[in-house]
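The shown structure was predicted, so the numbers you read here are calculated from the model rather than taken from an experiment. A note on names: the letters A, B, ... follow the listed sequences, proteins ahead of strands, and every chain is numbered from 1.
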Amino acid sequence: MKILYFAWLRAKIGTGEEDLSPPAEIATVGALIAWLKTCSRGHAEAFAEGSLIRAAVNQDYAGLDHPVAAGDEVAFFPPVTGG
Amino acid sequence: MKILYFAWLRAKIGTGEEDLSPPAEIATVGALIAWLKTCSRGHAEAFAEGSLIRAAVNQDYAGLDHPVAAGDEVAFFPPVTGG
Amino acid sequence: MIRVQSEDFDPGAEIARLSDGRTDIGAVTSFIGLVRGGDIRAMTLEHYPGMTERQLAAIEAEACQRWPLQAVTIIHRVGRLLPGERIVLVAIASPHRAAAFEACEFIIDRLKTDAPFWKLEERHDGAHWVEAKGNDDARAQRWRK
Amino acid sequence: MIRVQSEDFDPGAEIARLSDGRTDIGAVTSFIGLVRGGDIRAMTLEHYPGMTERQLAAIEAEACQRWPLQAVTIIHRVGRLLPGERIVLVAIASPHRAAAFEACEFIIDRLKTDAPFWKLEERHDGAHWVEAKGNDDARAQRWRK
C-alpha cells in the first residue's frame, strides 16, 4: 500500500511517501490511521488526537470508514489552502 | 436651453441637438415635455403617451418634477442598453 | 480609470496594469462583454458624451465606498462593432476576492442600467434599437439596500 | 483547460484564447489570485500531483453542468512565489454574464476547499503552514444545494 503525506504531515513524519504492508485486518482509513500511529514517534505525533487531517484513497477524498486494501494509494494531509 | 436627443428619439425628432427658448412658465421637465410635443410632429411622436423615456438635466438623471431653466442642458433618451 | 473609446482595448495589458509593481493586491477580477453573433450582423453603440463619463465615475466612486478596492478600470467602446468584438471591460483589484467579485459585478450591473449607452442592432430585417431588459433592472436592484 | 505549473502564466493570452475567433460568447470573466506581501516574504505552494488535476477536473465538470459555459481555464502555480506574483487564474466564457460570474466564483471557492494545494508562508519568524479558513468553507458551502 502506497501511503503519501503532504504539508506538515510530511514534515512531521519525515517522508512524503512510504510503501507499507499493514496487517490484513486493517481494512478502513480509520484502522489504517490507528495502525500508522504505532509505526514511529513521528507518525504518532502527526496523527495525534485533535489534528485536523484529511484522507484520500486513490486520489478521492475518503472518510474514516472508507475501505483500504493492498495496492491502494492512500494520502493524508491537512485541510487544503490553495487558491 | 440646450436640448439633446439620443437613440430612437434622435431618429424620430430628426436631430440630436437643438437650442430652444421655451416660454418662462416652462419650469419643470414635465412641462418642457408637454411644450416640446407642440413643436413638431416628430416631437409629438417621440414624446407620445406610453413612450419609455428618461430625462437628464445637466447630465444627471431627472424626474418630471425636476426644475429646468435657461442655460440648462436637458437630454431625453430611451432606457439605456450599454454594457 | 474610466475610458470611452471607439478603438479596441487590450484586456491583458489593462488587467496587468492593475497589479504591476504592487505586492498588496490579493485578487484581480475582470468582466469582458462581447458582441454575440447569431442574427446580429453588427451593433452600433451610441452614447451621451460627458454624462457617460459622469455616470461611470459615480458608479466607480460608489463601488470604492462599498468595498476595499485598490484599483478599478472601466473601458466601454462606442461606434460600430462586429460579432466577436469586445464592448466593455470592468477590472478590479482588491486585497480580498469576495470584494473583487462583488465590485466587478456591481459595476457592470449598474453600468447596464445607469450609463447612457444605446445599442442599435443590425439584423436580417434591418436596424433595431435594443430595448432595455427588466432583467437588468432586477440585477441592478440587488445592490440597493 | 486545466494546468498546474511552476512557471508564470499570461492572463491576457489565456483570457483572449477563450473567445478568439468565436462570435457566440457574450461574457468572459476572470479571477487572478496573487501573493500578498506585508509580513509574507515568500510562499511555497505544495500539491498532490494527480489528485490535484482530478479534483480540478471534477470542479470544472460540475461548473459546466450547472451553468451554460463555453470555455473554462484553470491554471494554478506550485513552488516558491514572491509577493506580487500570480498564484491562480480562473477564466470563464459564457453566453451570459450572470453564468460567467457565478461559475468563476464557484470554481475559485471550490478550488480553495477541495483542490489539494498547501501554502507554506515565510514570515519574519520563520516558515509556517497556512491554516485553512472557516470562511473558505462557508463560501464553498453556499454552492451546495
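A salt bridge is absent between R3(C) and E53(C): the closest approach of a Lys/Arg side-chain nitrogen to an acidic carboxylate oxygen does not fall below 4.0 angstrom. Between D10(C) and R17(C), none of the side-chain N atoms (NZ, or NE/NH1/NH2) sits under 4.0 Å from a carboxylate O, so this pair counts as no salt bridge. Using a cut-off of 4.0 Å between Lys/Arg side-chain N and Asp/Glu carboxylate O, R66(D) and E102(D) are scored as not salt-bridged. Ion pairing between R142(C) and E105(C) holds under the 4.0 Å rule for side-chain N and carboxylate O.
In terms of non-hydrogen atom pairs under 4.5 Å with chain C, the most contact-rich of L89(D), T29(D), I25(D), D24(D) is I25(D). Most heavy-atom pairs under 4.5 Å with chain C, from the set G26(D), P83(D), A16(D): that is G26(D). By number of non-hydrogen pairs under 4.5 angstrom with chain D, the leading residue of C104(C), A100(C), A91(C) is C104(C). For chain D, the option among G12(C), A27(C), P11(C), G21(C) with the highest count of heavy-atom pairs below 4.5 Å is A27(C). Interface summary for chain D: among G37(C), G84(C), S30(C), the most heavy-atom pairs under 4.5 angstrom belong to S30(C).
Heavy atoms closer than 4.5 Å to chain D are found in both the backbone and the side chain of A98(C). Residue contact with chain C, scored on non-hydrogen atoms closer than 4.5 Å, involves the backbone of R22(D) exclusively. Residue S19(C) touches chain D through its side chain alone, counting heavy-atom pairs closer than 4.5 Å.
For Q65(D), the CD atom is loosely surrounded, since the number of other residues' heavy atoms within 6.0 Å does not exceed 12. Counting heavy-atom neighbours within 6.0 Å of Q5(C) CD, excluding the residue itself, gives a total above 12.
The side-chain heavy atoms of R77(D) and V4(D), taken from C-beta on, include no pair separated by under 4.5 Å.
Interface residues of residues 108-126 of chain D toward chain C, defined by a heavy-atom distance below 4.5 Å and sorted by number: I108(D), D109(D), K112(D).
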Determine, stepwise, if the pair F101(D) / F101(C) fulfils ring-ring contact (aromatic ring centres under 6.0 Å, His included). CA-CA 8 Å; F101(D) 271 113; F101(C) 271 113; 7.2 Å; no
Given V35(C) and L82(C), is the side chain to side chain contact (heavy atoms under 4.5 Å, CB included) satisfied, shown in steps? CA-CA 7 Å; V35(C) 179; L82(C) 299 176; over 6 Å; no
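Between L18(D) and A71(D), the closest heavy-atom pair is CD2-CB, 3.7 Å.
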